[in-house]
Amino acid sequence: MPRATTRPDSGTAPEAPSPLAPTPAQTIGPFYGTALPFPGGEQVAPAGHPDTITVHGRVRDGAGAPVPDALLEFWQAAPDGGLTGAPGTLRHDPATGALLGRDGVDFTGFGRVPTDADGRYALRTLPAAAPAGRPDAAPYLAVCLFARGLIQHLFTRVYFPEHRTAHAADPLLARLPAARARTLLARPDGPGRYRFDVRLQHSADGAHEETVFLAHR
């Protein structure tokens, strides 16, 4: 920053500092859809597994407009309820350091999927299982959502219609009003396919509920 100076030969008062030009505004990100995805991030199920299901949908804002640069991360228990997963999701080439993605064999229980220009995403994984040691919990997928305008990422869950009996005892679903609980329920969309849309806000006309989001502790 310029400092006031005194000219020793003049005996005058210090000169006023020169005005500084304002720093131009800059937009930083979001880079979710370009910087964070990795090859095969949507392929959680091992290649060719006969039990693979597809969970797909759209992320929308309160006006119903698609959110094109969101990122969804999925975690789930293994078919036996285990939560440790398996290494190998983010493998790197030992020679070049390039990201290789999955090995196509192991089930890691983790997926990372960006939305496209229409706000759509698709995940291919194994059927949800309840976490081991939680006999009261219904099977679900845990979801973490990153999107433009969000200061902090959001957490939610995906439950499945074939587990309705377990839903009545699930610690989360059982204490939600029916209309709110429905925002966490995927709906059948063909053999081995489920539709799950995420709404970031209630719609102004009241036709669509905001998806239930959770505090992560």
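Here the structure is a predicted model, which is why all the values come from computation and not from measurement. By convention here, the first residue in the shown sequence is residue 1.
Linking ILVMFWY side-chain heavy atoms closer than 4.5 Å, directly or via other members, places Leu200 and Phe196 in a single hydrophobic cluster. Residues Val158 and Val113 share a hydrophobic cluster, clusters being chains of Ile/Leu/Val/Met/Phe/Trp/Tyr side chains in contact below 4.5 Å. Connection of Phe160 to Phe74 is established within a shared hydrophobic cluster, with ILVMFWY side chains joined at heavy-atom distances below 4.5 Å, either directly or through further cluster members. Follow the hydrophobic side-chain contacts under 4.5 Å out from Val143 and you reach Leu154 in the same cluster. Linking Ile, Leu, Val, Met, Phe, Trp and Tyr whenever their side-chain heavy atoms come within less than 4.5 Å leaves Phe146 and Val44 in two separate clusters.
At a threshold of 4.5 Å between non-hydrogen side-chain atoms, the residues Leu71 and Thr115 do not count as touching. You'll find the side chain of His56 reaches within 4.5 Å of the side chain of Arg195, heavy atoms only. Side-chain contact check for Leu83 versus Pro131: some heavy-atom pair is nearer than 4.5 Å. With contacts defined as side-chain heavy-atom distances shorter than 4.5 Å, the pair Pro171/Asp136 qualifies. Between Leu172 and Arg157 the shortest side-chain heavy-atom distance falls below 4.5 Å.
The distance from atom OG1 of Thr54 to atom CG of Leu123, rounded to the nearest 0.5 Å, is 8.0 Å. For the atom pair OG1 of Thr156 and CZ of Arg199, the computed distance is 14.5 Å after rounding to the nearest 0.5 Å. Distance check, rounded to the nearest 0.5 Å: CG of Leu173 to CG of Leu185 gives 8.0 Å. Between the CZ atom of Arg193 and the OG1 atom of Thr52 there is a distance of 13.5 Å, given to the nearest 0.5 Å. Between the NE2 atom in His208 and the CD atom in Gln201 there is a gap of 13.5 Å [rounded to 0.5 Å]. Of the inter-residue distances, the one linking Arg112 atom CZ with Glu42 atom CD reads 12.5 Å to the nearest 0.5 angstrom.
Between Ala78 and Phe107, the closest heavy-atom pair is CA-CE2, 3.5 Å. Residue Pro37 comes nearest to Pro114 through the heavy atom pair CG-CG, 3.8 Å, listed as atom of the first residue, atom of the second, then distance. Listed here is the closest heavy atom pair of Ile53 and Pro127: CD1-CA, 3.9 Å. Of all heavy-atom pairs between Ala77 and Ala130, the closest is CB-O, 4.2 Å. Residues Ala174 and Ala168 come closest through the heavy atom pair CB-O, 3.5 Å. The two residues Pro68 and Ala117 make their nearest non-hydrogen contact at CB-O, 3.7 Å.
A salt bridge is absent between Arg187 and Asp189: the closest approach of a Lys/Arg side-chain nitrogen to an acidic carboxylate oxygen does not fall below 4.0 angstrom. Checked for salt-bridge contact, Asp197 and Arg58 miss the test: no charged N lies under 4.0 Å from a carboxylate O. No salt bridge links Arg182 with Glu209; every basic N to acidic carboxylate O contact stays at or beyond 4.0 Å.
Pairs engaging residues 161-178 under the side chain to side chain donor-acceptor pair (under 3.5 Å) rule: Tyr159-Asp170, Glu162-Tyr194 [sequence neighbours left out]. Sorted by first and then second residue, the pairs that involve residues 124-133 and meet side chain to side chain donor-acceptor pair (under 3.5 Å), not counting sequence neighbours, are Gln76-Thr125.
Although no hydrogens or angles enter the test, the distance criterion places no donor-acceptor pair under 3.5 Å between the side chain of Asp118 and the main chain of Arg120.
A side-chain donor-acceptor contact under 3.5 Å links Arg102 and Thr108.
Under the rule for a side chain to side chain contact (heavy atoms under 4.5 Å, CB included), Pro50 has no partner lying at least two apart in sequence or in another chain.
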